[in-house]
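Worksheet: the structure to be examined is printed underneath.
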2 protein chains.
Amino acid sequence: MLSELERESRTVRRHETLVDEGEPNRLFVLDSGWVYTFIHTPDGRRQILDLHFPGDIVGTNQIAFAESTCGIAAATDGVICPFPKSGLRGVFSKSSKLTALFYTFAMIDHAAVLDRLRATGRMPAALRVLLVLLQCRARLRIMEPSYADAFELPLQQDVIGDMIGLSNISVSNALKQLKEDGLVARQGRWISFPSEERAMTLIDFADHYYEIDTSWFPGPQGAGGEQRIKAL
Amino acid sequence: MLSELERESRTVRRHETLVDEGEPNRLFVLDSGWVYTFIHTPDGRRQILDLHFPGDIVGTNQIAFAESTCGIAAATDGVICPFPKSGLRGVFSKSSKLTALFYTFAMIDHAAVLDRLRATGRMPAALRVLLVLLQCRARLRIMEPSYADAFELPLQQDVIGDMIGLSNISVSNALKQLKEDGLVARQGRWISFPSEERAMTLIDFADHYYEIDTSWFPGPQGAGGEQRIKAL
DNA sequence: CGAGACTTTGATAGATGTCAAACAGTGTGG
DNA sequence: CCACACTGTTTGACATCTATCAAAGTCTCG
């Protein structure tokens, strides 16, 4: 059922806007590359709402609305596989277990947003940036466990800043400070955490991908493989 | 199916903590009063994540996790009707349309959080407070259309501040400024918007409760009454 | 190798937090 | 029904953090 969604595909370029705010909704599977959703403020600034990674279905948290409440843009070059809204109807009507899975994905994404809200509202610049880095790693290592040690971060600093209410300059300063504090190491675009434990406790980081409970899922018990369900 | 969830009930007092962060999850229907979810920062400050109003089912965005990632506290005196997690299994397995409805609620709440994230990250204090006030009105007038003109706001200023990353003092200053600008009028705890149009365009406010699309719902078409579905 | 995009660094300004004290509203008990 | 205690709000002074501006430095890709 799900693999049928990936029938057609197209490439996207870094910085390309895929969907504008207020346009009709669109759904797609992200095959490769990183993508983000955003809204603009009345004075023209930008807030990034969510990051999406290869394997994600993008747009599911917009299907309840007639028009898209946010825009979508590509952070890197990539490939997307668009599919129609009706493609989801099959999922919701035919498999209640798959529906619960989608619901779970939505809640995990929601939890990530809540963590960023907390950071944006109540934490200093360096810790906000640290949160974004740890969130990226948490998501990436689901697909590729070796990313736990070090991963490539293709985001520009103004993109990071727009996720957590900072300017690109403050992101630069925060990274410098994180390096001096021994919390983050950078080699080119590769990120690692020399004092992983300290970094996580410093911001009370919780990896929501590893706290999933499926006991409430409908149907027979023991779905199995919950840890990697995002992989689809 | 849903009315069975409200079998038992108990009263709660203003300021009472109903669920602590990290406790096992709990679900309840909120009969009366206002309730909010929150997380603490490592340095002991508080971020409020969501407000809940009479009629809401509280805790649904936590069921995916083994432990509650946030706490729940009462903003006013009220009455709650707790029910077990298994109560939701019936909903998810027996009615795919009801499931889609729950999914829709989750997305509407999510959209409200995203709006606050945008405000917290990128908008000045007065406009952030204005957003919270407009969000409260939007939710309240679903149940009671007369609240569109004026509604009672039982929240203390530090609670409002914790929703959008401000101190209680900045909230006070913001309200003063909003009053001077003719955007918000207060009589005791009653709030109204003298220049409603201007207030909404100033922050690009969108009332997500009135933009719902149910065309993707499973089952026969024409559910009807989508505008007030939150009322249950 | 060169042009453009991105990052880093420094100086300054503005917004919000913190602290402290006065003020107002609310509920309770006599 | 009033006085009092408590909770919450308002105001002002000051400190801190982050944004903005500007310029130098670095990387990347053609």
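As the structure is a prediction and not an experimental result, all values here were calculated from the model. Computed over heavy atoms, backbone and side chain alike; hydrogens, waters and symmetry mates excluded.
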To the nearest angstrom, the CG-P distance between Asp43(B) and dC17(D) comes to 12 Å

Can you confirm if the aromatic rings of Phe151(A) and Trp190(A) lie within a centre distance of less than 6.0 Å?
no

May I ask you to say what Leu175(A) touches in the nucleic acid, namely base, sugar-phosphate or nothing, with a heavy-atom cut-off under 4.0 Å?
nothing

Nearest whole angstrom, please: distance from the P of dT18(D) to the CZ of Arg45(A).
14 Å

Segment of DNA chain C, first to last nucleotide, that comes within the 4.0 Å heavy-atom reach of chain B:
dT16(C) to dA20(C)

Anything under 30° is parallel, anything over 60° is perpendicular, the rest tilted; go ahead and classify His40(A) against Phe38(A).
perpendicular

Just to be sure I understand the rule, does Gly121(B) reach a base, reach only the sugar-phosphate, or reach nothing, if contact means heavy atoms closer than 4.0 Å?
nothing

Can you work out whether Gly188(A) or His15(B) has the more 5'-proximal nearest nucleotide on DNA chain D?
His15(B)

Check every strand shown and say whether Arg189(B) touches a base, only sugar-phosphate, or nothing at a heavy-atom separation below 4.0 Å.
nothing

Report the nucleotide, chosen from dA19(D), dT11(D), dG8(D), that has the shortest atom-to-atom distance to any side-chain atom of Ile169(B).
dT11(D)

Within the distance-only criterion (no hydrogens, no angle test), does the side chain of Arg46(B) pair as donor or acceptor with the backbone N or O of Arg122(A) below 3.5 angstrom?
no

May I ask you to say what Leu166(A) touches in the nucleic acid, namely base, sugar-phosphate or nothing, with a heavy-atom cut-off under 4.0 Å?
sugar-phosphate

Can you tell me the distance, in whole Å, between the CZ atom of Arg186(B) and the C1' atom of dG8(D)?
12 Å

Whole angstrom is fine here: how far is it from CZ in Arg128(A) over to P in dC17(D)?
12 Å

How many whole angstroms separate atom CD of Gln157(B) from atom P of dT11(D)?
10 Å

Length of the CG-P vector between Asp162(B) and dG8(D), whole Å:
13 Å

Would you check if the side chain of Thr17(A) reaches a backbone N or O of Val19(A) as a donor-acceptor pair within less than 3.5 Å?
no

Residue closer to the 5' end of DNA chain C, Ser167(B) versus Asn168(A) (nearest nucleotide):
Asn168(A)

So, for Leu183(B) and Pro194(B), which heavy atoms are closest and what is the spacing to 0.1 Å?
O-CD, 3.3 Å

Quick one: do Asp50(B) and Arg116(B) make a salt bridge, cutoff under 4.0 Å?
yes

Look at all strands and tell whether Gly161(B) reaches a base, only sugar-phosphate, or nothing, counting heavy atoms closer than 4.0 Å.
nothing

Could you tell me whether Arg10(B) and Glu16(B) make a salt bridge, using a distance below 4.0 angstrom between a side-chain N and a carboxylate O?
yes

Measure the angle between the two terminal helix axes of the helix from dC1(C)-dG30(D) to dG30(C)-dC1(D), five base pairs each, and quote it to 10°.
50°

Check the distance between dG30(D)'s P and Arg14(A)'s CZ and give it to me in whole angstrom.
10 Å

Quick one: are Gln47(A) and Met123(B) in side-chain contact, heavy atoms under 4.5 Å?
no

Separation of atom CD in Gln177(A) from atom C1' in dT16(D), rounded to whole Å
14 Å

Can you see if the side chain of Gln156(B) gets near the phosphate of dG8(D) - specifically, an N or O under 4.0 Å from OP1 or OP2?
yes

Between the side chains of Arg198(B) and Asp181(B), is the shortest nitrogen-to-carboxylate-oxygen separation below 4.0 Å, so that they form an ion pair?
no

Step through the shown structure and confirm whether more than 12 heavy atoms of other residues, nucleotides or ligands are within 6.0 Å of CD on Glu197(A).
no

